[in-house]
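Below is one structure, written out as structure tokens, with a few remarks after it.
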Amino acid sequence: MDILHLIDRLEEMAAEARRLPVGGSVVISRQRLLELIDRMRVAVPREVYDSREVIQHRDEVLRLAEEQAAQLVEETRVELAKKLETTEVVKAAEERARELLSEAQSRAQELVKSADEQARGRLDDAQESSRAQMREADVYALQTLKRLEQELDGFMLTVRRGIDTLEHRAAERPG
């Protein structure tokens with residue numbers, strides 16, 4: 001579930017809560033509230049899932065690099081076979097084949113390195129974003145719980161005063 005959706009659910013829960021006749025306070029099911037907070041904690045931001053796509057993209061880049069390297073090797077072999085007609089051509093072809101093979105390997109290594117760097121960067125960004133959203137969710141939940149605690153303390157004070165008043169009246173009446 002999306003963290004923003006869970007925050008909306010929390011807001012709906014507050015809006016649908018039963019209002020108390022004293023003050024502007026409401027009664028919210030503690031169990032439902034705690035369940036929603038738990039769901040908020042486990043809600044993973046989209047960026048974490050996006051990091052999987054980055055890794056898949058990296059694998060695709062690696063596969064393409066390997067294909068390009070194989071294609072370059074094959075092109076080198078074909079070129080070498082054509083140049084085997086003379087001794088000088090053979091030496092030149094061998095040299096060119098080594099160069100092409102070296103270029104293909106260098107290119108493949110560069111592509112792998114680039115893909116790894118991109119994947120690490122995006123994964124780090126996704127993790128940081130996830131941590132930031134979790135911190136924001138925790139702060140929001142903490143603020144909401146503190147407000148709820150204040151309201152409950154107010155209700156407890158009102159109830160305590162009512163009990164004290166009734167006990168005082170009962171003590172004053174004879175019999």
Inset, instruction - Look at the side chain of Ser106 and the backbone N and O of Ser102, then say whether any donor-acceptor pair between them is shorter than 3.5 Å. - result: yes
Legend entry - Which atom of Ala14 lies closest to which atom of Ile28, heavy atoms considered: CA-CD1, 4.0 Å
Inset, instruction - Could you tell me whether the side chain of Val27 reaches within less than 4.5 Å of the side chain of Leu20, counting heavy atoms only? - result: yes
Legend entry - Side-chain heavy atoms of His168 within contact of Glu172, under 4.5 Å: yes
Legend entry - Remaining members of the apolar cluster that contains Leu111, side-chain heavy atoms under 4.5 Å: Val61
Inset, instruction - Quick one: name the residues clustered hydrophobically with Val22, using the 4.5 Å side-chain heavy-atom rule over I, L, V, M, F, W, Y, and just say none if it's on its own. - result: none
Legend entry - Salt bridge Glu99-Arg96, side-chain N to carboxylate O under 4.0 Å: yes
Inset, instruction - Rounded to the nearest 0.5 Å, what's the gap from CD on Gln150 to CZ on Phe155? Could you check? - result: 12.0 Å
Inset, instruction - May I ask whether Leu100 and Leu64 are part of the same hydrophobic cluster, defined by side-chain heavy atoms of I, L, V, M, F, W, Y residues being less than 4.5 angstrom apart, directly or through others? - result: no
Inset, instruction - Rounded to the nearest 0.5 Å, what's the gap from CD on Gln56 to CG on Asp59? Could you check? - result: 7.5 Å
Legend entry - Main-chain N/O of Arg161 paired to Thr165 side chain as donor or acceptor, under 3.5 Å: yes
Legend entry - From CE (Met13) to OG1 (Thr144), nearest 0.5 Å: 10.5 Å
Legend entry - Rounded distance [0.5 Å steps], CG in Leu72 versus CD in Glu67: 12.0 Å
Legend entry - Electrostatic pair Arg131:Glu128 at N-O distance under 4.0 angstrom: yes
Legend entry - Asp124 and Arg120 ion-paired at < 4.0 Å: no
Legend entry - Inter-residue atom distance Glu35.CD - Leu6.CG, 0.5 Å rounding: 12.5 Å
Inset, instruction - Show your working on side chain to side chain contact (heavy atoms under 4.5 Å, CB included) between Leu145 and Leu33 and close with a plain yes or no. - result: CA-CA 9 Å; Leu145 289 174; Leu33 179 62; 3.6 Å; yes
Inset, instruction - Give the minimum heavy-atom separation between Ala69 and Ala104, together with the two atoms involved. - result: CA-CB, 4.1 Å
Inset, instruction - Would you sort out whether His57 and Glu53 count as a side-chain hydrogen bond (donor to acceptor under 3.5 Å, both in side chains), showing the intermediate values? - result: CA-CA 6 Å; His57 177 68; Glu53 292 176 21; over 6 Å; no
Inset, instruction - Could you grab the distance from atom OG1 of Thr76 to atom CZ of Arg98, nearest 0.5 Å is fine? - result: 11.5 Å
Legend entry - Side-chain hydrophobic cluster, 4.5 Å single linkage: members besides Leu34: none
Inset, instruction - Quick one: list whatever passes salt bridge (charged side-chain N to carboxylate O under 4.0 Å, His left out) with Glu60, sequence neighbours left out. - result: Arg63
Inset, instruction - Share the residues that join Val159 in a hydrophobic cluster, the rule being Ile, Leu, Val, Met, Phe, Trp or Tyr side chains under 4.5 Å apart at the heavy-atom level. - result: Ile163
Legend entry - Which atom of Val112 lies closest to which atom of Leu62, heavy atoms considered: CG2-CD2, 2.6 Å
Inset, instruction - Begin with the C-alpha distance, continue with both residues' side-chain angles, and end with the deciding distance and a verdict on side-chain hydrogen bond (donor to acceptor under 3.5 Å, both in side chains) for Gln105 and Gln109. - result: CA-CA 6 Å; Gln105 289 172 340; Gln109 288 173 351; over 6 Å; no
Legend entry - Arg58 vs Asp116, side chain to side chain contact (heavy atoms under 4.5 Å, CB included): CA-CA, chis, key distance, verdict: CA-CA 7 Å; Arg58 183 197 70 178; Asp116 279 341; 2.8 Å; yes
Inset, instruction - Grab the two heavy atoms, one from Ala108 and one from Ala65, that are nearest each other, plus how far apart they are. - result: CA-CB, 4.1 Å
Inset, instruction - Take atom CD of Glu11 as the centre, draw a 6.0 Å sphere, and report whether it contains more than 12 heavy atoms from other residues, nucleotides or ligands. - result: no
Inset, instruction - Can you sort out the partners of Arg19 under salt bridge (charged side-chain N to carboxylate O under 4.0 Å, His left out), two or more places apart, ordered by chain and number? - result: none
Legend entry - Ion pair check, Glu12 and Arg9, cut-off under 4.0 Å: no
Inset, instruction - Please check if atom CZ in Arg135 has more than 12 non-hydrogen atoms from other residues, nucleotides or ligands closer than 6.0 Å. - result: yes
